Structures are given as structure tokens and as C-alpha cells.
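Below you'll find the structure, written out as C-alpha cells, and then a few comments.
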Amino acid sequence: MNSPCDHLRIDGDRLMRRLVELATIGPIEGGGSSRLALTDEDREGRDLVTTWMRDLGLDVRIDGIGNVVATRPGRTDGPAVMTGSHIDTVRSGGRYDGNLGVLAGLEVIETLIDAGVETEHPIAVAFFTDEEGARFPPDMLGSLVYVGGLGLEEALDIEGIDGSIVGDELDRIGYRGPHPCPGPAPHAFVELHIEQGPVLEAGGHTIGAVTGVQGISWTEFTITGQANHAGTTPMDLRHDAGWAAAAIAVHVRDMATRMGGRQVATVGRLDLAPDLVNVVAGSAVLTVDLRNTDEALLTEAEADLAAFVEGIAEAEGVLIEARTLARFEPVAFNGSVVATVASTAESLGHAVSEMPSGAGHDAQMMARICPTGMVFVPSRDGISHNPAEYTDPVDLAAGVNVLLHTLLRLDGDALEDDAPEEGETR
Ligand code: GLV
Ligand code: MN
Ligand code: MN
């Protein structure tokens, strides 16, 4: 690096104070947070973060799906250099997933304000609605709407796992804003996130320069069999929705193991009814999450699952209905942004690994409309979506400094949108 700003460093203690304070909203045992999208806890988190944004004098705008973008003006008007992530969590959330990327953006902007450094472009930090998709599928809902991948009206009508509706919940918590969706395309977008996996720690790397995000396929299966007496119903006369659900869970696990490579498969939700010890389950609802960096292999996994489900339905005499909750092809990030993240991290003295992301991120949506990349920092023991999620404060600060200097470099670069087609991952 060789610019008058090279010496700039963020304030790691200030970052930690904000992370800790945000984590106290929706607290759960073990030090994590539960702020499912558009709940009262999400509203409280939003109120706190927007207060911090306004305290910094930023222009805070809320759009029709509740995305919040806070901007500091640049020397020139026009598209912003943008960063950000999400502050909603899964029910068993840690304190870093998403929150880090948002509070890192605030920290970067506060560092620039304190140092009196002006940027050429406006600089913005965003938090997007319902990144997790745990309450309202699909995941990355807010950023998907921001980039025009889903119409606002359609998004507002989505029903959650508790029967609530996105638009109603946005109104209830006061976060259906006046600004239009899709939103303006930034000059560039870079998201800092914890890795949520074991790769950086195992390799002794402090920084990941993320090359892309793997494809995601979520399906909900509703199985209808026949509730019956557990003691009197002969095995060959059952229409057991519980057994069919269990068979699907075992099958996807075996399939992922057989396919190997980057194929992963998860049954994360399973509800049986009537859910009683002495009743054959009459119905079951379960979800299957399939992911792969290779679109062709992901499609193969989906076809394998569909064939298995058809066979099980016939064999057990149950009805199985499938509903797609999310389907996103693998995404490759902009080559020059990835290179800028890597070289910035190296020039700050960090060991860097170029790697794909296993988790979904708002950056994968932003990649549709502007040059985009991500910075990863290590997750201890690769644990995430769990209150035990942890990243060393030294690594957190390293990540935010890499974000700061990456954004400053991109601010000065004329970037080309080389975003490859969906389905390709570098
Ligand atoms: C979102 O965080 C996901 O990857 O499930
Ligand atoms: Mn996240
Ligand atoms: Mn997450």
C-alpha cells in the first residue's frame, strides 16, 4: 500500500463494545442472541443500530422491505462504496454472524470520520432484512429484493414458519420504509463475515478472500399418512409419515457422503403430528437443505432426492408434497475485488486463503448488480448458528482493517463488472 491513509486503523475496543451491546438484545444461554427476522427482538436490534448510524450523522434510509442503508457523502455524488450484512439471527444465533459485518461497516465509517478522511464515492453501510431465512424463506430475502431478484409485493406476501406475513410484521415493527426497491447499484460491495467453518483456523490463516458462494437448494416436504394406534397396527398396514420423514433424513445424509466433494445435506426441521408416543405419525413436515459449489452436482442431488421421495411415497402409501423454499445457483465474486481483498490483507501482514463460502450471504445477491467480494475471519472450531460462535478479537480487528483498506482501494478504482453468470464459482 502506498497512500496517505495507509496508517489508518479501526478501534477494536469500540467494535467489541457494540458487538457486546447488540448481543444483549434477544439474549440466549451461552452468550448468543435470538433475533429472528421482524420479531420484537429484531426491532430492538434495528433501533439500536439505526441510533448508532444517526449518531454518526449518516443519512439513514429504509426501503419497502425494511433494508436499512446509512450513507456518508463522498467528494462526488453517485454510487456508493457499500459494505454491510444482517442483524437478524437464527433462533440459536451467535453474536458475530451478520452483526460483525454491519458493525464493522459502522466502525470503518467512524474511523474515517475521526481521521477526517473523505472518500471519492459516498460510503454506505447496510443491514438487509431476513438474511437468515429461518423465519421467512428464502434466505437473503432483503438483499434479493434490493437487487430486483424478487418483486417487493411478492416478498411482502411471504408467510413465515409461525403463519405470520412479512408485510404485516414489517408494519408491526415499524420498518416498512418509503425508499424504493430495487435499490441503487453501488460502485462496489464488500461484506466482512465470520467464516462459520473450520478452514481458516485449520490452515493458520487470519483472512479469507472469498471467491464465491455455493449454490443453495431448500425444500419443504409435507407428508400425509394415517395416524393410528402404535400397538395394534401391524407393520405392513401402516402409512407412517414419521418413518417416511426419517427415511428421507437418512437418505440425504447417505447421498451427501456418497457424492463427497463439496456436497452437503441437512434436515434441520422435522415436525411430527400428533407427536405422541403411542400414535403412528399421521403427518410430518421436514426441510432439506442441499448445497454444492457445482451447479450440475447440486442439480444431480436434487434429482436423486426427488426420485427417492417418490419411491418412499409409493412404498409406504403416503402423500408427499414438495415446496421449494429457496434455490440459488452458485455465485462467483468479481475477480478484481477478490484480488484487492487478498492483496490488501497481505499488505497488512496477514496470512490469506482464497476460498468459497459454504454459507449464504447478502453479498451473493449484491454480486448481481455490482462488483462484489467478501472478507472472512476465522471461526473457533468452525462453530456457527450456535451461541458458542467465537472469533478472537484480534482477528475481528484484523478483518475490519482489511475491510477498511479494501473499501478505500475500491473507492479509487474504476471497476469493471466482470461478475460471471450464476452457476459458476471460482
Ligand atoms: C444463511 O446464513 C445460510 O447460509 O443458511
Ligand atoms: Mn450471516
Ligand atoms: Mn447465518
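Everything numeric here is computed off the predicted structure, so don't read it as measured data. Just so you know, these numbers use all the heavy atoms, side chains as well, and skip hydrogens, waters and symmetry mates. Whatever order the structure lists ligands and atoms in, that order sets their numbers, starting from 1.
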Worksheet item: Looking at CD of Glu295 and OG of Ser217, how far apart are the two atoms once the value is rounded to the nearest 0.5 Å?
Response: 9.0 Å
Response to the item:
The side chain to side chain donor-acceptor pair (under 3.5 Å) partner of Tyr175 among Asp47, Asp63, Asn67, Thr129 is Asp47
Item to complete: Less than 2.8 Å from the Mn ion (ligand 2) is the window; count the protein N, O or S atoms in it.
Response: 3
Discussion item. Which atom name would you report as the N, O or S atom of His385 nearest the Mn ion (ligand 3)?
Written reply: NE2
Practice prompt. Answer yes or no: does atom CG of Asp55 have more than 12 heavy-atom neighbours from other residues, nucleotides or ligands under 6.0 Å?
Written response: yes
Discussion item. Can you confirm, on distance only, whether ligand 1 has an N/O atom lying under 3.5 Å from any N/O atom belonging to Gly360?
Written reply: yes
Practice prompt. Compute the shortest N/O to N/O distance between Trp218 and ligand 1 and return yes if it is under 3.5 Å, no if not.
Written response: no
Worksheet entry | Distance under 6.0 Å and angle within 45° of ring axis: Arg323 vs Phe221 | no
Discussion item. Taking the cut-offs as 6.0 angstrom to the six-membered ring centre and 45 degrees off its axis, would you call Arg327 and Trp218 a cation-pi pair?
Written reply: no
Worksheet item: Would His361 count as a contact of ligand 1 if the rule is a heavy atom under 4.0 Å away?
Response: no
Worksheet item: Backbone, side chain, both or neither: what part of His385 comes under 4.0 angstrom of ligand 1, heavy atoms only?
Response: side chain
Can you give me the closest heavy-atom contact between [X] and [Y], atom names plus distance?
X	Y	result
Val352	Ala345	CG2-CB, 3.4 Å
Ala244	Val318	CB-CG2, 4.2 Å
Ser164	Arg135	OG-NH2, 3.0 Å

Practice prompt. Enumerate the atoms of ligand 1 whose separation from the nearest heavy atom of Ala359 is less than 4.0 angstrom.
Written response: 4 (O)
Practice prompt. Output the list of atoms in ligand 1 that are nearer than 4.0 Å to some heavy atom of Glu132, sorted by atom number.
Written response: 1 (C), 2 (O)
Fill in: Heavy atom of the protein closest to atom 3 (C) of ligand 1 (residue, atom name, distance)
Arg291 NH2, 3.4 Å
Worksheet item: Ion pair present between Arg291 and Asp289, side-chain N to carboxylate O less than 4.0 angstrom?
Response: yes
Worksheet item: Below 6.0 angstrom between ring centroids: does that apply to Phe308 and His251?
Response: yes
